[in-house]
Amino acid sequence: IRINPDNEWTAIVCQALASIYFEIKNNNEIAVSLLETAIALNPNCEEAYIGLGDIYAHLDKIDDAMKYYYEGLNINPDNPRIYGKCGIAFWEHDYVEEAIVAYNKAIEIDSQYDIAYNNLGVIYLDGIGNVKEALRLFNKAISINPNYALANFNAARACEAHMLINEAIEYYQNALKIYSEILSKSPNNHRAQFLRGLCYEKLNKYTEAIKDYKTCLVNNPDNVEAKTNLDNLLMKNLNSKDLITFLKQKLNSSPNDANLNYQIGYELHKTKQPKEALYYYKRSIELGNNDVNAYLNLSKALYESGNLKESLELAKRAQNKFPNDKNLKAHFDELYNVDLNQQIDKAAKLFEQQNYNEALNAYNSIQVKNEAVMLGIAGCKFYLNDYNSSIDYYKKALDINPQNSDTAYYIGLGYYNIK
């Protein structure tokens, strides 16, 4: 550039240098400047227009991207690669029909354009749901280029969707072999590392998948999908104790992650540590976890920790929040019955100790007046010699259960005592 600033060949140098700044150094500003210089030196430099389109597509500026791609097409209307670029930009911004038109145009110009077949297959698989057509397109790409790893991988996905499990395994194995060959020549290719990890995972080779995901993240720490897949695999293959330790380590860097707090609470709860789970369940809800299971499991943990009253109150509030959840209703009903039975047992114990006045107060404080409560009140009044009132409560108990002969007997005994 310094030697020949105005030379046509310098435009090619600028374009190549821009690729380095964009793809490797992630410096879009310098890349754009270099490509604009290339166009100024050579207005017919279609690769520069494609490069600018790629940068603006990467920046989610679809209108600008398409403007430069079309400029490239004005220079060379028969360049299938530009139509392919348009297809990518359209697809990534949910313009499905436009993407299909662009890829079909690319294929019309170049019937051997394997990338266009593959990408069009992705649209039919993930965008339209036409698995049969997607598989046909992937196989077409593979027939043109048998070493096209991504097409093999996508064909495997299509077979999975079509429940062709044996064929899917074969495609994953093909893709795995190709990615391994790529990595033998380019060991720092993080994209190939990630996709090979996916193949290993699909083939249930979790140790190898974990290794590839880790290597991918060394070369590309910003790969969110690799992080997520790695975490899921590690969690799947850890015992409960190690999993809790792993999740707590993750929480150190994301203390306000509601889902992560819930997950730790759930694992502690699952390993019979309900008291330890309480903090994480509560924290998860404080951070905005609005899932019914967060409330349900917190209530269960409170009950298992000996906090029946707090558990019941929470379950009642949760029922108001999620009135149609059957599991929550069943849990609330169970707690309600446990609480009721505990109150009745407490009153009955006082009765057995002949503390009839205290027992009577205990029975009267119980809101639900079922047969057991009515009998308890009647019994207390009987032994406190309040026979008339005792008879009234025994009759109420008999109305609830007309087949209870003991109740009928005590009504008779009450009448006997008042002559």
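Computed from heavy atoms alone, side chains included, the values below leave out hydrogens, waters and symmetry copies. None of these values were measured; they are calculated from a predicted model.
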Can the ring centres of [X] and [Y] be said to be less than 6.0 Å apart?
X    : Y    : value
Y262 : Y280 : no
Y206 : Y200 : no
Y69  : Y49  : no
F153 : Y172 : yes

Trace of the ring-ring contact (aromatic ring centres under 6.0 Å, His included) decision for Y83 with Y103 = CA-CA 6 Å; Y83 284 107; Y103 282 127; over 10 Å; no
Does the distance from a Lys or Arg side-chain N to an Asp or Glu carboxylate O, for [X] and [Y], drop under 4.0 Å?
X    : Y    : value
E208 : K211 : no
K349 : E352 : no
K329 : D333 : yes
D54  : K85  : yes
E313 : K316 : no
D126 : R157 : yes

Going by atom types only, do [X] and [Y] share a side-chain donor-acceptor pair under 3.5 Å?
X    : Y    : result
N293 : D291 : yes
S240 : T271 : no
N219 : Q193 : no
H269 : E304 : yes
N261 : K282 : no
Q343 : D339 : yes
N76  : R81  : no
N152 : Y171 : no

Decide yes or no for [X] and [Y]: does some side-chain heavy atom of the first lie under 4.5 Å from some side-chain heavy atom of the second?
X    : Y    : answer
N223 : Y213 : no
L198 : F194 : yes
F332 : N337 : no
E46  : N74  : no
S311 : K300 : no
V32  : I30  : no
D114 : I142 : no
S389 : Y393 : yes

Quick check on [X]: does its [atom1] atom have over 12 non-hydrogen neighbours (other residues, nucleotides or ligands) under 6.0 Å away?
X    : atom1 : value
K369 : NZ    : yes
Q319 : CD    : yes
Q367 : CD    : no
Y303 : OH    : no
Y148 : OH    : yes
F322 : CZ    : yes

Whether the side chain of [X] engages the backbone of [Y] through a donor-acceptor N/O pair (distance < 3.5 Å, no angle test) should be reported.
X    : Y    : value
N189 : A192 : yes
S180 : L176 : yes
S365 : A362 : yes

Rounded to the nearest 0.5 Å, how far apart are CG of N174 and SG of C199?
->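 Between N174 CG and C199 SG, I get 9.5 Å after rounding to 0.5 Å.
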dist E47:CD -> I50:CD1 (nearest 0.5 Å) comes out at 4.0 Å
Apply side chain to side chain contact (heavy atoms under 4.5 Å, CB included) to Y179 and L150, showing your working.
-> CA-CA 9 Å; Y179 283 128; L150 188 56; 3.8 Å; yes
Output, in order, the C-alpha distance, side-chain angles, deciding distance and verdict of side chain to side chain contact (heavy atoms under 4.5 Å, CB included) for C45 and I12.
-> CA-CA 8 Å; C45 185; I12 298 173; 5.5 Å; no
Verdict with reasoning, E160 to K202, per salt bridge (Lys or Arg N to Asp or Glu O under 4.0 Å) = CA-CA 10 Å; E160 272 190 318; K202 292 291 186 178; 3.5 Å; yes
Should N256 and R283 be marked as a side chain to side chain contact (heavy atoms under 4.5 Å, CB included) after you check the CA-CA gap, both sets of side-chain angles, and the distance that decides it?
-> CA-CA 9 Å; N256 295 324; R283 179 69 178 145; 2.7 Å; yes
